[in-house]
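Note that the structure is a prediction, hence the values are computed from the model and not measured. Read the numbers this way: they start at 1 and go in the same order the structure lists the ligands and their atoms.
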Amino acid sequence: MNTGKLIVFSAPSGSGKTTLVNHLLQQDLPLGFSVSATSRPPRGKEENGKAYHFLSTTEFRQKIEENAFIEYEEVYEGAYYGTLKSELHRLWEAGKHVLFDIDIKGGLNIKAHYPKNTLAIFVQPPSLEELENRLRTRGTESEAKIQQRLDKSTTELTFSQDFDVILVNDDLSQAKREVVRLVKQFLHS
Ligand code: 5GP
């Protein structure tokens, strides 16, 4: 199979990476989004097959047994997330390069699988206080879940140096321009 390129966006939850990924998908570039599988329930208006492939825990475990994932993880207690091999093949067959919105460990796993073809971008929030603000403003999680995400973020910030690029997201318009520039450069390399 003709493997295309992979562009990984990883960041602590609430850092704005999803906004940047969506911005890239709106450009006239041959990019496709890797829809992950998860066992967490849909949030807000998330649609099955668009934001995620929503699976039950049993279905998710079944796919692990079948060796269907390139990488998977129990990102939060009881909540599995993973990248299906079939998802990459679908996008590559359509002639697209693959964009990932995935956690730090998963991002580094993808990079380890495809070291030459991957651009791994770490989106860094300006500060932990700002991250906390963003999570609270989003208002989609309970207090306990927000705390869980903040604890994870504190650890995750220490992994930034393992990525190809660290993008500090303190000014969204500037960060949007910068990702488009970085990705175009990578696709032409
Ligand atoms: P959320 O519940 O906010 O959608 O996602 C929680 C975390 O799981 C985020 O950091 C998200 O990037 C990550 N995530 C989403 N899909 C995957 C995946 O396929 N694999 C891994 N390892 N993490 C993922």
Which residue and non-hydrogen atom of the protein lie closest to [atom], and at what distance in Å?
atom: atom 13 (C) of ligand 1; value: Asp103 N, 3.5 Å
atom: atom 7 (C) of ligand 1; value: Val75 CG1, 4.0 Å
atom: atom 17 (C) of ligand 1; value: Ser36 OG, 3.4 Å
atom: atom 2 (O) of ligand 1; value: Tyr81 OH, 2.5 Å
atom: atom 3 (O) of ligand 1; value: Arg149 NH1, 2.9 Å
atom: atom 21 (C) of ligand 1; value: Ile102 CG1, 3.5 Å

Problem - For Asp164, the option from Leu182, Leu119, Ile121 that meets side chain to side chain contact (heavy atoms under 4.5 Å, CB included) - result: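 Only match with Asp164 under side chain to side chain contact (heavy atoms under 4.5 Å, CB included): Leu119.
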Which of the numbered atoms in ligand 1 are under 4.0 angstrom from any heavy atom belonging to [X]?
X: Arg43; answer: 1 (P), 2 (O), 3 (O), 4 (O)
X: Gly82; answer: 18 (C), 19 (O), 20 (N)
X: Arg40; answer: 1 (P), 2 (O), 4 (O)
X: Asp101; answer: 12 (O), 15 (C), 16 (N)
X: Lys17; answer: 9 (C), 10 (O), 12 (O)
X: Tyr76; answer: 6 (C)

Practice task
Between Glu71, Glu73, Glu87, flag the one that comes closest to atom 20 (N) of ligand 1 by a heavy atom.
Solution key: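 Checking each option, the heavy atom nearest atom 20 (N) of ligand 1 is found in Glu71.
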Pairwise side-chain contact, [X] with [Y], heavy-atom cut-off 4.5 Å (strictly under):
X: Lys176; Y: Leu20; result: yes
X: Leu31; Y: Val183; result: yes
X: Val180; Y: Leu24; result: yes
X: Val21; Y: Leu25; result: yes

Is the contact between [X] and ligand 1 made by the side chain, the backbone, both, or neither, using heavy atoms and a 4.0 Å cut-off?
X: Lys105; answer: neither
X: Lys152; answer: neither
X: Asn109; answer: neither
X: Tyr52; answer: side chain

Handout entry: Close approach of Phe100 to ligand 1, heavy atoms, under 4.0 angstrom
Key = no
Exercise for the section: Would you please indicate yes or no on a ring centroid separation below 6.0 angstrom for Tyr81 and Tyr52? Expected result: yes
Practice task
Taking only Lys NZ, Arg NE, NH1 and NH2, and the carboxylate oxygens of Asp or Glu, determine whether Glu59 and Lys63 approach each other closer than 4.0 Å.
Solution key: no
Exercise for the section: Using atom types as modelled and distance alone, determine if a side-chain donor or acceptor of Ser39 lies under 3.5 Å from a backbone N or O of Tyr80. Expected result: yes
Practice task
Count the heavy atoms belonging to other residues, nucleotides or ligands that lie under 6.0 Å from CZ of Phe33, then report whether that count exceeds 12.
Solution key: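 Correct, the count exceeds 12.
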Practice task
Please work out whether the ring planes of Trp92 and Tyr114 are parallel, tilted or perpendicular, with thresholds of 30° and 60°.
Solution key: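 Plane angle over 60°, so perpendicular.
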Exercise for the section: Kindly confirm or rule out a cation-pi arrangement of Lys152 over Tyr76, judged by NZ or CZ under 6.0 Å from the six-membered ring centre and within 45° of its axis? Expected result: yes
